[in-house]
Each structure stands twice: as structure tokens, then as C-alpha cells.
Amino acid sequence: MSTLFTKIINGELPSDKVYEDDQVCAFRDINPAAPTHILIVPRKEVATVDDLADDDGALVGKMILVARDLARSEGIADSGYRLIINCKDEGGQEVPHLHLHLMGGRPMGPMVVRT
Ligand code: AMP
């Protein structure tokens, strides 16, 4: 059964795609938390960081390099930005398909809300 993000990657659900290649796809978050909020998603259906295999290192590196390039094309590379990967329930992960959030275009504030 394919995930929500696989359906987006395959074009079965609409999205605002900004990048894709044979390994990853990037599209704008439907509920943006910053002026730039893009999700970088591997085509491979890895559910969480905890499900990554030892040989997925290059794939994760690719996700970060795509985020770097998108930050440049979005014009936020110089001002700075935040990259986030949430993992499972207490990490705040809602969609069980690995994804990297690229967020910027405003000061992003404290890393987490301290309780
Ligand atoms: P996370 O909480 O880390 O799993 O992040 C999931 C993100 O996916 C949230 O920021 C949602 O706004 C975003 N999202 C959910 N459905 C869609 C969709 N159909 N298109 C784009 N982004 C989505």
C-alpha cells in the first residue's frame, strides 16, 4: 500500500512540486509554517529515521543536498533556514514516510518550545 507521499510523488494526488529526480522529490508543504516550507521526500518508502538501513546514508545525504540547493533557489541560503526531520509520535511525525522539512524566509525562533 503506497503512502500519502508516494501518491503525491506519483502524481496520484496534487502537489506543488519544486524538484524531482530518480531518488527524491520535493514539494511545498500544504500547511506552511514559514514563507518557504518544502518537504524533501525519498521515492523509497522508508517510514521513519528509525527505519533507515545502514546503506541509506547516500540517500539521506542526497536529501540534504537537495535542501541546500532549494534554499539557494528560494533565496534563503544567505539569511538562513531550518532543516527538520520528525521521527515517530513523540518527535511529532504525522506522515509515516521519511521527509525533511526545509523552512525559512523568516526568523525561525527557538528550536523547540521548552516545557
Ligand atoms: P510531519 O509532522 O513531520 O510528519 O510533517 C508532515 C507534513 O506534511 C506537515 O507539515 C503537513 O502540513 C504536510 N502535508 C500533509 N499532507 C500534505 C499534502 N497533501 N501535501 C503537502 N504537504 C502535506
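Everything numeric in this text was worked out from a predicted model, so none of it was measured. For ligands, and for the atoms within them, numbers begin at 1 and follow the listed sequence.
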Proximal atoms of ligand 1 relative to [X] (non-hydrogen, under 4.0 Å):
{"X": "Asn31", "answer": "12 (O)"}
{"X": "Phe5", "answer": "8 (O)"}
{"X": "Arg28", "answer": "21 (C)"}

For [X] and [Y], work out which heavy atoms get closest and say how close.
{"X": "Asn86", "Y": "His101", "result": "ND2-NE2, 3.8 Å"}
{"X": "Pro42", "Y": "Leu59", "result": "CB-CD2, 3.8 Å"}
{"X": "Arg43", "Y": "Asp22", "result": "CD-O, 3.3 Å"}

Considering only non-hydrogen protein atoms, determine which one is nearest to [atom] and report residue, atom name and distance to 0.1 Å.
{"atom": "atom 18 (C) of ligand 1", "value": "Ile8 CD1, 3.7 Å"}
{"atom": "atom 23 (C) of ligand 1", "value": "Ile30 CG2, 3.5 Å"}
{"atom": "atom 9 (C) of ligand 1", "value": "Asp29 OD2, 3.3 Å"}

Neighbour count above 12 (heavy atom, 6.0 Å) for [X] [atom1]:
{"X": "Asp55", "atom1": "CG", "value": "yes"}
{"X": "Asp78", "atom1": "CG", "value": "no"}
{"X": "Glu90", "atom1": "CD", "value": "no"}

(request) Would you check if Asp50 and Lys88 make a side-chain contact, meaning some heavy-atom pair closer than 4.5 Å? (result)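 SC-SC contact between Asp50 and Lys88 confirmed.
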(request) Give a yes-or-no answer on whether the side chains of Thr48 and Gln93 include a donor-acceptor pair shorter than 3.5 Å. (result)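 No, no side-chain donor-acceptor pair sits under 3.5 Å.
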(request) Report the part of Asn86 (side chain from C-beta onward, or backbone N, CA, C, O) that has a heavy atom under 4.0 Å from ligand 1; answer both or neither where that applies. (result)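 The part of Asn86 near ligand 1 is the side chain, not the backbone.
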(request) Between Leu4 and ligand 1, find which residue part has any heavy-atom pair under 4.0 Å and reply side chain, backbone, both or neither. (result)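 The answer is the side chain.
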(request) Kindly assign one of parallel, tilted or perpendicular to the pair Phe5 and Phe27, based on the angle between their ring planes and the thresholds 30° and 60°. (result)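 Judged by the thresholds at 30° and 60°, the geometry between Phe5 and Phe27 is perpendicular.
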(message) Below 4.0 Å from ligand 1: does a non-hydrogen atom of Gly92 turn up there or not?
(response)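 Yes, Gly92 has heavy atoms under 4.0 Å from ligand 1.
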(request) Work out whether the distance between some heavy atom of Leu39 and some atom of ligand 1 is less than 4.0 Å. (result)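 In this structure, Leu39 qualifies as a contact of ligand 1 - some heavy atom is under 4.0 Å.
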(message) Checking the N or O distance criterion of under 3.5 Å, is ligand 1 in contact with His99?
(response)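 His99 vs ligand 1: N/O contact under 3.5 Å present.
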(request) Before signing off on this row, confirm whether Val95 and ligand 1 have an N or O atom pair separated by under 3.5 Å. (result)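 Yes: some nitrogen or oxygen of Val95 is under 3.5 Å from one in ligand 1.
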(message) Looking at non-hydrogen atoms alone, which of Gln93, His97, Glu94, His101 comes nearest to atom 3 (O) of ligand 1?
(response)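 That would be His101.
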